[in-house]
Amino acid sequence: MDVNSEEKIKENRYDFRTVEPFWQEEWEKSGLYLVDEDSKRPKYYVLEMFPYPSGNLHMGHVRNYSIGDVLARFKRMNGYNVLHPMGWDSFGLPAENAAIKHGVHPDDWTRDNMTNMRGQLKSLGISYDWQREVATCLPDYYKWTQWLFLQFFKNGLAYKKQAAVNWCPSCATVLANEQVIEGQCERCESSVLKKDLEQWFFKITDYAQRLLDDLADLPGWPDKVKTMQENWIGRSEGMQINFTGAGGEELPVFTTRQDTVFGVTYLVLAPEHPAVKRLVAGTAYERDVDKFVAKVQKLSAIDRMADTLEKEGIPLGANAVNPLTGEDVPIWITNYVLMDYGTGAVMGVPGHDQRDFDFATKYGLNIRQVIAPSADYDPAAPLTAAYTEEGIMINSPGFDGLPSAKGREEISDYIEKKGLGKRVINYRLRDWLISRQRYWGAPIPIIYCPVCGVVPVPDEDLPVLLPKDVEFLPSGVSPLNTSKTFAQVQCPKCHREARREMDTMDTFMCSSWYFLRYCDPQNNKEAFAKDKVSYWMAVDQYIGGVEHAILHLMYARFFTKALYDMDLLPLKEPFANLLTQGMVLKDGSKMSKSKGNVISPEEIINRFGSDTARLFILFAAPPERDLEWNDAAVEGCYRFLNRVWRLLSDIKTQIGANSQEASAKNKLNSTDSAERNHQQFSTQHSALNTGLQSSPDKDARRAVHSMVKKVGEDIGARFNFNTAISAIMETVNTLYLYRDKSARPDQAILAEAAEKLILVLAPFAPHLAEQLWHDYGNEGSVHLQPWPGYDPLALVMDNVEIVVQTNGKIRSRLQVAANLSREELGQVIQTHPCLPDWTEGKEIVKLVAIPGKLVNIVVR
RNA sequence: GCGGACAUGGUGGAAUGGCAGACACGUUGGUCUUAGGAGCCAAUGGGCAACCGUCCGGGUUCAAGUCCCGGUGUCCGCACCA
């Protein structure tokens, strides 16, 4: 390749290697994306889930932030005061694991990663207000995480209790319920064990009903996510019925099928049920029962939940009294009853519950039918499986003949009247276990005093700094124990020698309020000022992966509600609208190092530039859908940007003389709202429109204006960025044809087209658009311009093609005037010379005319 | 088992109930070129054709990829929840 041709190619191309870094620097220098509270403009808070600083950006990040950036830029151009921040979810296990593996301190490792990823983010040119950057691992952030913990504590929402908790043996720490996936650790996939430990919990269960009810106030959330939260909260209405065991042992059970209480033939307890020991103490059953309990407890969570696990049980040799019938039924324990749901005791109704049926069949327990499928059903026929549907009550003295649903109500009333139990609502949701026996997290700001007991760290002593002199090899004991200085502290109340809490907080605590800190990131007096939060919150559009549907999104909702109750926040829901983006796949599966199918964003940016990377990722699929990475298609996007570049460069040369006029026009627009801008364009160009004689001119202009309309709607109302981009591509194609094929392309139309193209491209390809904007002689950033308007008159067509169908089959196409009414269009068909051909001599039954679209002649 | 989403060319994907396959990738042919991994032009659901085509089977409608009923398949979430 000689020098000349190299230069020639360079000349005709979008030189992203120069253009992109240049504008990134300019934008940063001019503080283009910095925002403040501004009551004159409506606010818009667009937020992407902040990343864990793992070391490198991956394509999922690029997708997430590209979606957010299009919205941020679009809203900005539409006159909104846009808050678009970025930060780091920077506490967590990977830092410790890296420290163990490579001998670096988690703090250094994390900071290096943040530096590296910040650089990568900046090379993407996302419009963040970097002055609002937060990192959860920095003392000026976690000080407030600790402060918030204390607010929860002081309001009775944080408590410590001994409980059987999830223990990951490999991470050597406890896990929240939500972090156990199919019995395995969410992080390392080790089998999770149950361990009896004293741990800190947040009372999220107090908010179960509100978390459930308020989902109805979130129309801007995907149903999928709301359903997942609904299932996770798992509300079920039922009844607690008080059975009584031998020796007066109270054995309440929880059931949702009170109508089957006459069918109870045994009672089952969870092996861990506290009554078990008492009931068998000193009996012949004691040894076998102990053995059985030990066997069940040894099973890991995953084994205990496995489908294949056989239902096993053992009798306790004791009976319980059914309070309704006065009948004695045997008490068993079994591996299929859970201690931590309901009361840990279940009534065995083998006639109407399949598990009970299997169990009773296996151990020869009685099966009694109390619900018949219909009134004429023969109850004498033996059941071959449990009948679990609704039906008619039988063998239930006093309630026979009632439909089961009605029977449920009457039995509930009866039980409550007699004081034998009560209606209760059970939730599957458990309290949130927030303490961790790991190093890289915010220390829990609690002091244990031998005299005063559990004492919160006073506000003025915050933050409780994470010590650096710590051995963080997982040992099962909190690593903070290994610090020489950390534990020792004076009791804030009595000043006696006391000890600090050694556990750190779950990192989900840190991420449950970061969106509030962005509103007021530098405040060193409070976590956030109420007026700033009132101005910016709620987040208008939240964007992130669906993998956070339960954990993060539920905790953040819980925090918001709790802070609302403490009068720290003016709102009950943090995220008004939620967009869950799909994954980025390669060869059909998620990109991962172990599969070796990772495409690094850095590499793509180096080869094609960030505008190309962003354009591809937005064009390849709608945002909620999974996206298959395709190298060739990326190149296609790169070619498109060059096509735009060449077209607009050429037009610029052609209309060079007019460029001053164009720039004057833009100065005029630059301070207007989109609405005014819209009207302005209409009046400005209606003269242009009516002056057009030939149809290629009109067509070109229509293409441009309908593109503006469609792109605005696709971004603003539908989040269909892929179709917005395709509309721009179509218009570019049309303009190439117009310029090359029409006899005398109109300069004014080309100038207008160029300007609008640059403006609609700005959210998608911000660097290219900015460069072109300035090449056209405009002042100021393209990203501060009002979103272009369109001229409704330009969209009007003189003629349209309509389709002629008979019985739904296409016969012909006709050019007709676009403004024909339904009747006129019918007339045209009725009198058309081809009518006999279309109807083939058959009788016309009906004629359906849809103006502007089609005519369907129904014949027989 | 329960709940949810989805199913359209070789591929990614378009279609307020109104011309299925926009836009793009890929492929093929042409053109320019010392060269082409650049650019431009053309073709591209299947079938020689009439026609047939949106997972399968019914239905509603003048008209169904789209709405309704019943299946199948794929993916996701929860899962011994009483």
Side-chain angles (χ1 to χ4, degrees), chain A residues 1-2 5 8-9 12-13 181-183 222-232 234-236 238-239 253-257 260 268 270 304-307 309-311 334-338 340-349 352-356 358-359 388 426-428 546-547 549-550 582-583 585 615-616 619-622 624-637 639-640 642-643 646 720 722-733 736 740 801-810 812-813 845-850 852-859:
Chain A
M1 189 188 276
D2 65 42
S5 60
K8 202 171 154 192
I9 285 170
N12 289 332
R13 287 205 179 192
I181 311 294
E182 288 180 4
D223 289 342
K224 180 187 180 176
V225 172
K226 288 191 278 191
T227 309
M228 281 166 71
Q229 293 211 354
E230 228 172 273
N231 292 342
W232 188 261
R235 179 190 155 104
S236 86
M239 183 122 224
V253 301
F254 175 71
T255 181
T256 54
R257 290 299 302 267
T260 64
V268 253
R304 189 154 173 193
M305 292 196 319
D307 290 343
L309 184 73
E310 200 169 337
K311 291 177 185 26
T334 148
N335 56 1
Y336 78 83
V337 173
L338 307 169
D340 56 359
Y341 183 77
T343 60
V346 176
M347 57 188 213
V349 188
H352 304 287
D353 180 286
Q354 192 53 43
R355 284 162 314 183
D356 294 348
D358 297 341
F359 191 77
T388 57
N426 248 304
Y427 298 93
R428 237 178 46 89
V546 74
E547 66 273 18
I550 292 169
M583 287 188 296
L585 309 176
L615 193 76
F616 166 74
F619 177 62
E624 314 81 22
R625 215 180 295 192
D626 285 351
L627 178 156
E628 175 70 28
W629 186 266
N630 178 345
D631 282 321
V634 178
E635 279 195 62
C637 286
R639 287 205 296 269
F640 167 70
N642 279 305
R643 230 168 112 72
R646 279 194 308 275
N720 278 12
N722 55 333
T723 51
I725 293 166
S726 72
I728 300 174
M729 287 174 167
E730 273 180 90
T731 306
V732 168
N733 292 344
Y736 263 102
D740 297 339
E801 186 182 77
I802 63 146
V803 168
V804 181
Q805 300 178 329
T806 46
N807 290 347
K809 290 225 154 133
I810 298 161
S812 182
R813 291 156 203 279
V845 182
K846 193 174 171 184
L847 197 126
V848 183
I850 310 293
K853 292 226 165 87
L854 57 68
V855 172
N856 191 9
I857 309 163
V858 186
V859 298

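Here is the naming used below: chain letters follow the sequence lines, and residue numbers restart at 1 for every chain.
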Think A/Arg235 has a side-chain N or O under 4.0 angstrom from the OP1 or OP2 of B/rC81?
no
How would you label the contact of A/Val346 with the nucleic acid (heavy atoms, under 4.0 Å): base, sugar-phosphate, or nothing?
base
Nearest to the side chain of A/Ala621 - B/rC78, B/rG18, B/rG13?
B/rG13
Find the distance A/Tyr336:OH to B/rA82:C1' and express it as a whole number of Å.
8 Å
Of the nucleotides B/rA82, B/rA22, B/rC19, which one has an atom closest to the side chain of A/Thr256?
B/rA82
Distance-only polar pair, side chains of A/Asn733 and A/Arg643, donor-acceptor under 3.5 Å
yes
Taking only the side-chain nitrogens and oxygens of A/Arg355, find out if one of them lies under 4.0 Å from OP1 or OP2 of B/rG1.
no
Between B/rA82, B/rG18, B/rG12, which one does the side chain of A/Ile850 approach most closely?
B/rG18
At less than 4.0 Å, is any side-chain N or O atom of A/Arg428 found next to OP1 or OP2 of B/rA79? Yes or no.
yes
Heavy atoms from C-beta onward define the side chain here; which of B/rC25, B/rC81, B/rG77 lies closest to that of A/Ala632?
B/rC25
Heavy atoms under 4.0 Å, any strand shown: does A/Leu854 hit a base, just sugar-phosphate, or nothing?
base
Sugar-phosphate, base or nothing in reach of A/Gly342, heavy atoms under 4.0 Å
nothing
Is A/Glu628 touching bases, backbone alone, or none of the nucleic acid, heavy atoms closer than 4.0 Å?
nothing
Using a heavy-atom cut-off of under 4.0 Å over every strand shown, decide if A/Phe619 touches base, sugar-phosphate, or nothing.
base
With a 4.0 Å cut-off on heavy atoms, is A/Pro222 in touch with a base, just the backbone sugar-phosphate, or nothing at all?
nothing
Look at the side-chain N and O atoms of A/Asn630 and state whether any lies under 4.0 Å from the OP1 or OP2 oxygen of B/rU11.
no
Taking only N and O in the side chain of A/Lys224, is any of them less than 4.0 Å away from OP1 or OP2 of B/rA5?
no
What distance do A/Leu615 atom CG and A/Asn722 atom CG have between them, rounded to the nearest 0.5 Å?
11.0 Å
Hey, is B/rG10 sitting syn or anti, using the within-90° cutoff around 0?
anti
Can you list everything that forms a salt bridge (charged side-chain N to carboxylate O under 4.0 Å, His left out) with A/Asp340? Sequence neighbours excluded, please.
A/Arg430
Please work out if A/Asp740 contacts a base, only the sugar-phosphate, or nothing of the nucleic acid, heavy-atom cut-off 4.0 Å.
nothing
Side chain of A/Arg643 (C-beta onward), nearest among B/rC40, B/rA22, B/rC19
B/rC40
Between B/rA15, B/rG26, B/rC62, which nucleotide gets closest to the side-chain atoms of A/Arg639?
B/rG26
Whole-Å distance, A/Gln354 CD to B/rC2 C1', equals 15 Å
Would you indicate which nucleotide in B/rG18, B/rA14, B/rA20 comes nearest to any side-chain atom of A/Pro622?
B/rA14
For RNA chain B, the dot-bracket pattern of Watson-Crick and G-U pairs whose distances stay under 3.5 Å, | for other-strand partners
(((((((..(((.....[....)))((((((.......))))))((....))..(((((..]....))))))))))))....
Phosphate OP1/OP2 of B/rG39 contacted by A/Arg13 side-chain N/O (<4.0 Å):
no
Would you mind classifying the nucleic acid contact of A/Glu624 as base, sugar-phosphate or nothing, using non-hydrogen atoms under 4.0 angstrom?
nothing
For residues A/Leu627 and A/Phe616, determine if any side-chain heavy atom of one lies less than 4.5 Å from a side-chain heavy atom of the other.
yes
Options B/rA82, B/rG12, B/rA20, nucleotide nearest the side-chain atoms of A/Ile810
B/rA20
May I ask you to verify if any side-chain N or O of A/Asn733 is less than 4.0 angstrom from the OP1 or OP2 atom of B/rA24?
yes
Rounded to whole angstroms, how far apart are CG on A/Asp353 and P on B/rG1?
16 Å
Return the value, rounded to whole Å, for the distance between atom CG of A/Asn807 and atom P of B/rA64.
11 Å
Between P on B/rA24 and CZ on A/Phe640, what's the gap in Å once rounded to a whole number?
8 Å
Nearest-Å distance for atom pair CZ/P, residues A/Arg625 and B/rG4
20 Å
